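To keep things clear, I will list the structure first and then write my remarks on it.
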Amino acid sequence: MTSTETPRRGGTVTWACTNGFSPVFIFPFTPGDYYGIANLHEFQTLMYRPLYWYGSGGSPTVDYERSLALPPEWDEDGRTATITLKPYRWSNGEMVNADNVMLWMHLLEAEKSRFGGYSPGFFPDNLVRYEKVAEDKVSFTFDRAYSHNWVLMNQFSTITPLPRAWDRTADDAPADATHDPSQASAVYAYLRACNDERKTWDSSPVWGVVNGPWKLHTYTIDGTSGEAVLVPNEHYSGADKPHLDAFRLVPTASDDDQYEKLRQGPDSPEGVQIGFLPFDEVTEPAEDPMTGGPNPLGERYRLVPQLTYKIHYFPINFNNPTVAGKIFKQLYFRQALQSCLDSDGAIRDVYKGYGYPTTGPVPALPESPLLSPARRKDPYPFDVERARALLTENGWDTSTTPARCVRPGTGPGEAGADIPEGAEMRFSMRYAAGHRTLTSVMEKFAADAARAGIEIELTEVEASVLVLEDTTCTPGPDSPCLWQFSDWNGGWGYGPGFLPTGEALYSTGSPVNFGSYSDPKADELIARTVVSDDLEELYAYQDYIAEQVPVIWMPNFPFRLLEVAHDLRGVTPVNPFGLISPEDWYFVENQPEE
């Protein structure tokens with residue numbers, strides 16, 4: 001802040017949500033189909049603090065000052081960690097304590113398959129025991145010695161202490177799942193039912209008990225979207241108390257709607273103080289996606305690229321029970337499909353220089369030693385002729401589109417198991433509506449794939465519907481599991497944990513392994529990354545996954561090109577995990593050049 005600026009207390013910041021992704025899940029035990037930034041990092045964590053806070057001054061590290069707990073203390077054999085809670089309080093006056101952690105752990109053990117952060121074989125499966133050892137201390141003993149950094153960043157990051165007030169099975173029926181794990185499922189069922197009554201969130205005695213700097217004031221439902229207004233929690237224990245009077249999250253229907261809110265300006269009743277600039281409104285290309293280029297709204301906003309530690313991809317449904325699912329299991333097909341995606345062209349023409357490639361499961365930016373040297377180049381660059389050759393070499397007639405299977409079987413040069421003669425390469429792709437940039441990428445992708453013999457029928461679907469319907473599934477009477485390709489215009493942000501070790505995205509059975517990819521070798525390589533801090537193990541895992549193409553790697557770009565009102569401060573540096581801290585934001589009386 002310069003000497004000419006005068007901070008002022010108060011005011012409301014209106015945040016325009018990414019279209020299709022406004023907050024629709026408040027219970028911080030979030031299932032895989034709702035497990036995303038809009039619900040977690042831009043809503044729940046403002047009210048219900050996780051055990052540790054991740055991202056400090058723009059760096060991908062633990063911020064112990066904002067955390068509810070002190071750093072873990074490990075015993076000599078490296079298997080038992082003891083965590084000490086700081087003296088924070090809930091808004092109802094109760095202390096944040098070891099019992100709150102135990103309540104979370106009992107729910108996690110009982111209902112782990114319903115939690116989006118759970119990966120089979122990992123937390124809590126890899127615990128021998130956990131126990132309250134003092135009012136402010138909990139110990140965790142693991143089944144073996146793991147990387148302590150991995151435990152801190154990827155395991156303890158899943159814990160959100162829950163208040164004693166939530167330990168009940170009905171409004172008028174207190175329970176004791178805090179001490180009795182057998183009651184945990186009934187408590188979970190009650191809390192999930194409270195979550196699903198979205199119209200009562202802002203009056204609920206459950207969701208009104210918070211330990212974060214914010215509490216929910218009003219919540220309004222519009223179709224599948226939700227508008228939330230949060231106000232300061234006057235009982236917040238942290239030093240970072242809000243300066244603002246209110247923080248308002250408003251849904252948007254499309255990129256056009258988003259831009260119109262920005263065009264109205266930050267001082268308009270219909271405008272916003274923070275929104276994002278759609279890529280097709282960029283007037284001049286950027287030379288560096290981390291710093292950005294000229295801002296077409298520069299008179300009233302400053303442009304802040306929200307570069308987060310993420311990868312961009314779309315999943316393939318390996319569990320599709322039709323012949324399409326059999327084709328998806330063939331590596332040659334996935335390699336061919338990946339070769340039909342023109343990432344460099346999209347970065348240049350669609351994302352106006354703000355893009356950068358996704359070359360595997362570890363982000364290329366921000367720069368990190370975790371990226372394998374082999375992943376600094378695309379393993380399957382755009383090459384339609386190579387794609388066609390791969391299909392031809394493996395039993396397909398590509399003289400027409402869709403290509404037809406002419407050599408069924410499992411031998412060399414044959415199409416693969418359970419793919420009959422005459423099968424056609426005709427597939428469906430559902431993608432998030434309202435993004436002109438995504439539509440441009442999808443249309444060119446489909447056209448280039450057709451040149452290789454792969455026919456893709458494109459359908460736009462509202463993003464909130466897409467992520468609920470096209471997700472992890474097993475074919476059965478209640479789940480036909482028929483989706484094929486699905487692109488919600490995202491991928492995965494590594495956060496709040498930092499280490500991209502793969503157990504969530506690519507291990508067999510993980511609830512956020514959306515395409516149900518399963519590979520014993522991948523599982524083995526992932527397992528090695530969590531017990532060792534040796535980067536060579538991480539490199540071996542990511543090199544294998546990149547070449548196996550369990551998803552289609554898409555061109556990456558800043559999560560959003562944030563437009564921040566000129567008189568609003570505290571928004572930067574950007575948190576690399578996508579968390580936001582509106583308690584740090586404040587308005588100033590004047591707007592100097594920056």
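Predicted, not measured: the structure shown is a model, and the values here were computed from it.
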(request) State whether E109 and R129 are salt-bridged, where the test is any N-O pair (Lys NZ or Arg NE/NH1/NH2 against Asp/Glu carboxylate O) under 4.0 Å. (result) no
(request) Answer yes or no: is there an ion pair linking D584 with R66, defined by an N-O contact shorter than 4.0 Å? (result) yes
(message) Using 30° and 60° as the class boundaries, would you call the ring planes of F123 and F142 parallel, tilted or perpendicular?
(response) tilted
(message) Taking L162's backbone N and O only, do any of them form a donor-acceptor pair with N100's side chain (distance below 3.5 Å, no angle check)?
(response) yes
(request) Please determine if D257 and K261 form a salt bridge, counting it only when a charged side-chain N lies under 4.0 Å from a carboxylate O. (result) yes
(request) Take the angle between the ring planes of Y35 and W492 and call it parallel below 30°, perpendicular above 60°, tilted in between. (result) parallel
(message) For the aromatic rings, using the six-membered ring if either is Trp, is the centroid distance between F29 and W104 under 6.0 Å?
(response) yes
(message) I'd like to know if D99 and R164 make a salt bridge, using a cut-off of under 4.0 Å between side-chain N and carboxylate O.
(response) no
(request) Keeping to residues at least two apart or across chains, list the salt bridge (charged side-chain N to carboxylate O under 4.0 Å, His left out) pairs with something in residues 506-515. (result) none
(message) For the CD atom of Q306 and the CD1 atom of I580, what is their distance to the nearest 0.5 Å?
(response) 8.5 Å
(message) Would you say W483 and E469 are linked by a side-chain donor-acceptor pair, where the criterion is simply a distance under 3.5 Å?
(response) no
Atom pairs and distances, donor-acceptor, side-chain atoms in residues 112-119, under 3.5 Å, two or more places apart:
from: K112; atom 1: NZ; to: D125; atom 2: OD1; distance (Å): 2.6
from: R114; atom 1: NE; to: E111; atom 2: OE1; distance (Å): 2.6
from: Y118; atom 1: OH; to: D125; atom 2: OD2; distance (Å): 2.5
from: S119; atom 1: OG; to: E503; atom 2: O; distance (Å): 2.9
from: S119; atom 1: OG; to: A504; atom 2: N; distance (Å): 3.4

(request) Check whether any side-chain heavy atom of V206 lies under 4.5 Å from a side-chain heavy atom of Y190, and answer yes or no. (result) yes
(request) Kindly state whether the ring of W74 and the ring of H148 have centres lying under 6.0 angstrom apart. (result) yes
(request) Would you please classify the geometry between the Y219 ring and the W201 ring as parallel, tilted or perpendicular, with 30° and 60° separating the classes? (result) tilted
(message) Do C473 and S479 have side chains that approach each other closer than 4.5 Å (heavy atoms only, starting at C-beta)?
(response) yes
(request) Flag this pair as yes if the NZ/CZ of K86 is under 6.0 angstrom from the six-membered ring centre of Y64 and inside a 45 degree cone about the axis; otherwise no. (result) no
(request) Determine, using ring centers only, whether Y48 and W166 are less than 6.0 Å apart. (result) yes
(request) Check the side chains of N154 and T501 for a donor-acceptor pair under 3.5 angstrom, ignoring hydrogens and angles. (result) yes
(message) What I'd like to find out is whether the side chain of Y301 reaches to under 4.5 Å of the side chain of P266, using heavy atoms alone.
(response) yes
(request) Consider only side-chain N and O atoms of Q183 and T169, and report whether a donor and an acceptor are under 3.5 Å apart. (result) no
